[in-house]
Chemist: 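Here it is, the structure, as C-alpha cells.
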Amino acid sequence: MSIDFEKLVGFIKKLNQAKVLVIGDMALDEMVYGDTERISREAPVLILQHTHTKHILGAASNAAHNVSKLNDGKVSVIGVIGEDYQSYDLKDAFANANIKHDSLVSDSTRKTITKTRISGSCSHSITQQIVRIDRQTNEPISKTTEDLLLKEIEKMVPDFDVVILSDYHIGTLTDNVIKTTMDVAKKYGKKVIVDAQKDLHRYKGLYSMTPNLPDTQKHVGFYLRSKSDFIKAGNKLISDTDAENVLITCGAEGMVVIEKGDKYTHIPVFNKAEVFDVTGAGDTVTATYSLALAVGADPVYAAIIGNIAAGIVVKQFGCATTTISEILASIPEKINLEI
C-alpha cells in the first residue's frame, strides 16, 4: 500500500478542528522531588529535603491532555472525583492544560485517583523513584454517582465529534455508562473509540478500539505470531464488539490495523532506536488516532499519525504530549506498510 504524503499532511493539519469528549478514570500523577540528605535515625530510610512537586495528568486525564495539545483545548472530560484536596489539584491541572472539566462528578465516598511518586537525588547521581503511593477506590461507582454520570453523558455526547472511553478499570466505566455512551453516540452519529486493557467484550457498538498486543492475546486466547493470527484475532474483536475496525499496538513491532473483510495493515515503528520511556504512549496513540478519525482519516492513515505521535512522546520522561508541528516535523521520508 502506498501512502499519499500530501493527504497525510492534510489530515495532520486538521487535527485541531475536531472536538473530543473523554470519559473514564480521571487521575492525577503527583511527582514529589527531593535531595537525599541522610539516613533517618528513626528507621533505616532516606531523609529527603523536598525541592518541588509537579502535577501531571494521568490515566484517562492523560488522553484528554494529549487531545488538548493537538486541538487547542476543544476537549471535555466526564469522570468522578472525591471530595479531597487531590480533587482541587486535579481540577487545577485540567485548567492549566486547557481542558474543560465542568462535567466531573464529585463523590465523597471515593478518593480522587492519585499516583504519588517520591523521587530523590544527590549531587552526583540521577533522580531515582523511591516509592509510589496510590490513592484510589477500586469498587464500581455507586448508583447515585452513576446516574449523575449518565445525565452528563446524555447532555454532552451530541456536542462532540468523537468520544474516547478510557478505561483503567478503577470503577468509572460501568456497564450502564458504556451502554449509555454507545446508545447516545449511535443516535447522533458519533464515533466511539475505546482504550481498555481487559473485558473487551463489554464495549459493544463502538467504532474502533486500541488494545495492546498482550491484552489482545488474553482476549482471544492465542498468541499472535503471523498475519493470519492477527486477522483471526481482529475478526474476533470486531465480532465481539460490533466494531468497524481495531488498532492493535505491538510495542517495538509497531501497530496492526484490522478492518472488516479481513483487511490487514502492519505499520512499523519509525524511531525504534530512540525510545526512552513508554509511559502514557498508549494514551497518545488513542488521542491522536481518535482525532484523525474525527477529521476524516481512514483507520490506516489515523494509525500512522498515532504512530508518529507515539514516537515523539517515548523520547520524553513520564506522561508526555506532542503538537501538530512536532508531528509534521517527524513524518518519516518513507513509510513501508505490510498488507
Side-chain angles (χ1 to χ4, degrees), residues 8 10-26 57 59-79 97-101 103 149 152-167 172-173 177-196 203-211 238 241-247 249 255 257 259 282-310 321-324 327:
L8 180 66
F11 288 135
I12 295 170
K13 288 182 176 180
K14 292 197 295 183
L15 292 178
N16 62 358
Q17 296 179 10
K19 294 175 62 180
V20 179
L21 177 64
V22 181
I23 306 171
D25 297 307
M26 301 299 157
L57 292 166
S61 308
N62 183 42
H65 193 193
N66 274 271
V67 171
S68 182
K69 284 290 187 178
L70 291 165
N71 74 347
D72 303 324
K74 301 182 185 72
V75 56
S76 293
V77 294
I78 297 177
N98 197 22
I99 297 168
K100 300 175 184 65
H101 52 282
S103 294
L149 277 183
E152 292 297 329
I153 290 168
E154 291 168 351
K155 180 177 70 175
M156 298 284 286
V157 168
D159 295 331
F160 292 84
D161 300 307
V162 67
V163 179
I164 297 174
L165 288 179
S166 180
D167 195 351
T172 304
L173 294 183
V177 169
I178 294 170
K179 185 178 186 306
T180 298
T181 302
M182 299 299 184
D183 289 346
V184 178
K186 182 177 181 180
K187 179 180 178 181
Y188 290 94
K190 311 296 182 180
K191 289 183 173 70
V192 177
I193 314 302
V194 171
D195 182 20
Y203 308 90
K204 294 188 183 295
L206 67 160
Y207 178 77
S208 187
M209 61 168 39
T210 59
I238 288 171
T241 63
D242 297 325
E244 293 297 317
N245 52 76
V246 296
L247 168 63
T249 59
M255 303 174 176
V257 177
E259 301 172 73
D283 295 321
T284 301
V285 171
T286 301
T288 315
Y289 177 67
S290 300
L291 276 168
L293 290 172
V295 299
D298 65 50
V300 171
Y301 276 82
I304 290 170
I305 296 169
N307 199 353
I308 297 170
T321 60
T322 187
T323 63
I324 288 176
I327 294 174

Chemist: Apply the test side chain to side chain contact (heavy atoms under 4.5 Å, CB included) to residues V300 and E259: give CA-CA distance (whole Å), side-chain angles for both, the deciding distance (0.1 Å), then the verdict.
Modeler: CA-CA 9 Å; V300 171; E259 301 172 73; 3.8 Å; yes
Chemist: Over all heavy atoms of both residues, which pair between A292 and I305 is shortest? Give the atoms and the distance, please.
Modeler: CB-CD1, 3.9 Å
Chemist: Do D161 and L291 touch side chain to side chain, with heavy atoms closer than 4.5 Å?
Modeler: no
Chemist: Could you tell me the separation between the CZ atom of F11 and the CG atom of L8, rounded to the nearest 0.5 Å?
Modeler: 8.5 Å
Chemist: Taking the side chain as C-beta and beyond, is there a heavy-atom pair between N307 and V285 under 4.5 Å?
Modeler: no
Chemist: Kindly compute the distance separating CG (D159) from OH (Y188), expressed to the nearest 0.5 Å.
Modeler: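 Taking CG in D159 and OH in Y188, the distance rounds to 9.0 Å.
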Chemist: Working to the nearest 0.5 Å, report the span between CG of L15 and CD of Q17.
Modeler: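 Separation between the atoms: 9.0 Å.
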Chemist: Write down the atom of P158, the atom of V184, and the distance for their closest heavy-atom approach.
Modeler: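 Closest approach of P158 to V184, heavy atoms only: CD-CG1, 4.2 Å.
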Chemist: To the nearest 0.5 angstrom, please state how far the CG atom of N16 sits from the OG1 atom of T323.
Modeler: 11.0 Å
Chemist: Looking at side-chain heavy atoms only, is the closest gap between V75 and H65 below 4.5 Å?
Modeler: no
Chemist: Identify the two heavy atoms, one from P299 and one from Y289, that lie closest to each other, and give their separation to 0.1 Å.
Modeler: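 Closest heavy-atom pair between P299 and Y289: O-CE1, 3.6 Å.
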Chemist: Is there a donor-acceptor contact under 3.5 Å from the side chain of K179 to the main chain of Y203?
Modeler: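 Here the side-chain-to-backbone pair does not exist.
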Chemist: Identify the two heavy atoms, one from V295 and one from A18, that lie closest to each other, and give their separation to 0.1 Å.
Modeler: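 Nearest heavy atoms, V295 then A18: CG1-CB, 3.9 Å.
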Chemist: Between A185 and V192, which heavy-atom pair has the shortest distance, and what is it?
Modeler: CB-CG2, 3.4 Å
Chemist: Begin with the C-alpha distance, continue with both residues' side-chain angles, and end with the deciding distance and a verdict on side chain to side chain contact (heavy atoms under 4.5 Å, CB included) for D242 and L206.
Modeler: CA-CA 7 Å; D242 297 325; L206 67 160; over 6 Å; no
Chemist: Taking the side chain from D195 and the backbone from S166, do they hold a donor-acceptor pair closer than 3.5 Å?
Modeler: no
Chemist: Does a side-chain heavy-atom distance below 4.5 Å link I23 with L173?
Modeler: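 SC-SC contact between I23 and L173 confirmed.
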Chemist: Do any N or O atoms from the side chain of N245 and from the backbone of S208 form a donor-acceptor pair under 3.5 angstrom?
Modeler: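 No; zero donor-acceptor contacts below 3.5 Å.
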Chemist: Assess whether atom NZ of K204 is packed by more than 12 heavy atoms of other residues, nucleotides or ligands within 6.0 Å.
Modeler: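 Correct, the count exceeds 12.
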Chemist: Could you check L70 against T288 for side chain to side chain contact (heavy atoms under 4.5 Å, CB included), going step by step and ending with a plain yes or no?
Modeler: CA-CA 8 Å; L70 291 165; T288 315; 3.7 Å; yes
Chemist: Is there a donor-acceptor pair under 3.5 Å between the side chain of K74 and the backbone N or O of N71?
Modeler: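 Yes, because the side chain of K74 sits within donor-acceptor range (under 3.5 Å) of the backbone of N71.
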Chemist: Between N66 (side chain) and N62 (backbone), is there a donor-acceptor pair under 3.5 Å?
Modeler: yes
Chemist: Report yes if some heavy atom in the side chain of K190 is under 4.5 Å from a heavy atom in the side chain of Y207; otherwise report no.
Modeler: no
Chemist: With rounding to the nearest 0.5 angstrom, report the CG to CD1 distance, L57 to I99.
Modeler: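 Separation between the atoms: 5.0 Å.
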Chemist: Quick one: does T180's side chain get under 4.5 Å of E154's, heavy atoms only?
Modeler: yes
Chemist: For M255 and A303, work out which heavy atoms get closest and say how close.
Modeler: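 Where M255 meets A303 most closely, the heavy atoms are SD-O, 3.6 Å.
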Chemist: Is there a side-chain contact between T181 and L165 in this structure, where contact means two heavy atoms from C-beta onward sitting under 4.5 Å apart?
Modeler: yes
Chemist: Report yes or no: do S68 and N98 form a side-chain donor-acceptor pair below 3.5 Å?
Modeler: no
Chemist: To the nearest 0.5 Å, tell me how far I327 CD1 sits from K69 NZ.
Modeler: 13.0 Å
Chemist: Does a side-chain heavy-atom distance below 4.5 Å link I78 with L21?
Modeler: yes
Chemist: Could you walk me through whether I164 and V194 pass side chain to side chain contact (heavy atoms under 4.5 Å, CB included), step by step?
Modeler: CA-CA 6 Å; I164 297 174; V194 171; over 6 Å; no
